[in-house]
Asker: 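Just passing along the structure, written as structure tokens.
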There are 2 protein chains.
Amino acid sequence: MLKYEVIAADIQKSIEDGALKPNEKLPTVVELCELYGVSKITVRRAMEWLVENGLVASRRGSGTFVKKPITLPENPLVTGSNERAEGFSAQHYKHSERVTSKVYDFSVVTPPAHIAELLNIEPDDFAYYHCRVRLSDDVPIAIEYTYMPLDLIPGLKRQHLYGSVYRYLRDEIGLTLSSFHRAIRAVPATESEAERLDTEVGAPLLELEQVGYLDSGIPFEYSRSRNVGERYVLNNITLA
Amino acid sequence: MLKYEVIAADIQKSIEDGALKPNEKLPTVVELCELYGVSKITVRRAMEWLVENGLVASRRGSGTFVKKPITLPENPLVTGSNERAEGFSAQHYKHSERVTSKVYDFSVVTPPAHIAELLNIEPDDFAYYHCRVRLSDDVPIAIEYTYMPLDLIPGLKRQHLYGSVYRYLRDEIGLTLSSFHRAIRAVPATESEAERLDTEVGAPLLELEQVGYLDSGIPFEYSRSRNVGERYVLNNITLA
DNA sequence: AAGTGGTCTAGACCACTTC
DNA sequence: AAGTGGTCTAGACCACTTC
């Protein structure tokens with residue numbers, strides 16, 4: 001664990017267990033430097049992390065203060081975060097839900113031209129294609145349509161689709177996932193989606209269309225996931 | 001403009017006008033230090049900005065490389081960014097659209113309990129409430145329901161609702177907006193929304209429910225904006 | 001072995017707030 | 001005037017990649 005991570009985690013813990021109360025002033029940057037025996041830039045890193053994650057607000061000239069933690073009402077079944085791309089399994093296991101999948105299609109195809117383009121492969125290159133529905137405690141949450149370049153990923157099997165594909169890529173193949181470009185939309189459920197997701201035709205779905213990149217900058221997936229509107233929320237902190 | 005911003009902007013420009021091509025290696029950190037006569041940490045800041053904005057990928061031990069810029073298909077009329085909260089007007093003027101508003105309600109009320117809670121005001125404190133539809137080139141894009149604490153904002157008038165309320169808060173009142181907590185959902189249009197947004201009842205809307213904060217950490221707005229699914233996309237870059 | 005990015009030190013200097 | 005966070009310097013040291 002890096003030094004700035006230790007500091008940020010400590011402060012986060014103090015806020016979460018109430019040792020630091022909303023609107024309370026944190027120790028000054030200089031004090032924290034002395035406290036942890038680190039340099040100013042390291043404390044700043046920790047502060048930046050806390051600001052980005054919505055825990056504190058810094059005001060030049062006066063100090064850094066604990067924000068009143070707010071959670072917007074979470075009626076729906078399932079909550080995702082848009083800060084980091086974690087994949088469905090990682091997000092849901094946290095809440096000790098039982099995540100399962102129904103696989104509707106798993107094949108090797110030559111993807112449509114615009115998808116080949118996004119994946120940076122030739123029009124006649126092969127890609128895995130799969131369609132699966134993700135369920136949390138047996139309730140269908142989302143349907144995914146995913147393309148992954150064949151050449152990049154040796155040995156993807158149907159069985160992997162029942163668990164976390166990202167875990168397979170990371171732990172078994174040793175790929176390093178680095179970033180995702182996302183477009184977020186609201187779309188109506190098609191007839192087949194309505195059936196597979198146990199909802200109505202035309203029901204609002206939250207669509208996340210994304211291209212995922214390895215740290216090498218190479219795209220490793222094109223994916224469209226459509227989440228049932230009334231069962232899924234995406235949470236997010238944004239800076240002005 | 002800060003030094004690291006200058007460096008980041010230079011490199012961004014080189015990428016955008018093609019001087020730096022996809023997959024090309026950037027100068028090393030040390031080279032950039034010499035080139036700009038700055039210290040390493042300043043170059044790192046610039047690199048971090050470029051990584052966060054999806055322009056380059058850094059690989060320890062080998063270098064920093066230009067990413068193939070991708071833009072996901074943008075069928076819809078209007079595109080927003082989820083990186084920074086800019087407000088409707090700022091996002092849309094960029095595309096040289098004509099942004100207008102229809103105001104359906106503007107009043108002072110005591111907000112519902114859960115909203116008062118989120119705004120950190122007493123249950124019987126007053127707040128401005130407004131409901132307006134935002135149009136881009138006369139096409140309705142979104143309907144907003146917003147509460148703002150009365151005490152915080154002197155002199156909000158109906159006329160301000162026809163332009164950018166954020167601009168009023170910033171430039172006229174001198175408030176500094178700092179961050180937004182957002183929940184993103186797909187919801188069906190109600191009857192009145194369908195009529196005001198010129199769409200069907202039950203049509204998918206992209207809802208952004210958000211609490212906005214001042215740099216002092218005080219909430220200044222609770223807002224729910226519902227964007228017509230087929231006319232609006234939110235774009236976003238996420239790190240793994 | 002040489003080259004690359006990543007974290008960190010110990011401070012300087014500045015912008016801004018508070019009193 | 002004193003206190004606070006924000007940017008930056010000039011380097012050290014390290015982890016990792018490439019050859």
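Chain letters run A, B, ... following the sequence lines, proteins first and then strands; every chain starts at 1.
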Asker: B:L26 or A:Y4: which one's nearest nucleotide on DNA chain C is closer to the 5' end?
Answerer: B:L26
Asker: In whole Å, what is the span from the CG atom of B:L2 to the P atom of D:dG5?
Answerer: 18 Å
Asker: Take atom CE of B:M47 and atom P of C:dT4, then tell me their distance rounded to the nearest Å.
Answerer: 12 Å
Asker: Look only at the side chain of A:E31 and the backbone of A:T28, and say whether a donor-acceptor pair between them is shorter than 3.5 Å.
Answerer: yes
Asker: Can you tell me how far P of C:dT4 sits from CZ of B:F65, to the nearest Å?
Answerer: 10 Å
Asker: Looking only at side-chain N and O atoms, does A:N82 offer a donor or acceptor that is under 3.5 Å from a partner on B:R182?
Answerer: no
Asker: Just checking A:H181 against A:Y213, ring centres under 6.0 Å apart?
Answerer: yes
Asker: Could you summarise the pairing of DNA chain C as dot-bracket text, marking Watson-Crick and G-U pairs under 3.5 Å with ( ) or [ ] inside the strand and | across strands?
Answerer: ||||||||||||||||||.
Asker: Can we say A:R224 and A:E144 salt-bridge, meaning some charged N sits less than 4.0 Å from an Asp/Glu carboxylate O?
Answerer: no
Asker: Give a yes or no on whether a salt bridge exists between A:E24 and A:K68, defined as a side-chain N under 4.0 angstrom from a carboxylate O.
Answerer: no
Asker: What integer distance in Å separates A:R59:CZ from C:dT18:C1'?
Answerer: 12 Å
Asker: Please tell me which of the listed nucleotides, C:dT9, C:dG6, D:dC8, lies nearest to the side chain of A:S39?
Answerer: C:dT9
Asker: To the nearest Å, give me how far apart CG (B:L32) and C1' (C:dG5) are.
Answerer: 12 Å
Asker: Just how far, in rounded Å, is C1' of C:dG5 from CD1 of B:I41?
Answerer: 13 Å
Asker: Just how far, in rounded Å, is C1' of D:dC8 from OH of B:Y36?
Answerer: 17 Å
Asker: Looking only at the side chains, is there a donor atom on one of B:S62 and B:K25 sitting less than 3.5 Å from an acceptor on the other?
Answerer: no
Asker: Give the rounded distance in Å between these two atoms: CD of A:E48 and P of D:dG5.
Answerer: 13 Å
Asker: If you only use heavy atoms from C-beta on, which nucleotide in C:dG5, D:dT4, C:dT9 is closest to the side chain of B:T64?
Answerer: C:dG5
Asker: For A:E34, is there an ion pair with A:K40 - N to carboxylate O distance below 4.0 angstrom?
Answerer: no
Asker: For B:Y36 and B:D10, what are the C-alpha separation, side-chain angles and deciding distance, and is it a side chain to side chain contact (heavy atoms under 4.5 Å, CB included)?
Answerer: CA-CA 11 Å; B:Y36 285 93; B:D10 274 7; 2.7 Å; yes
Asker: Which pairs, protein N/O on one side and nucleotides 13-16 of chain C N/O on the other, fall under 3.5 Å?
Answerer:
{"from": "C:dA15", "atom 1": "O4'", "to": "A:R60", "atom 2": "NH1", "distance (Å)": "2.9"}

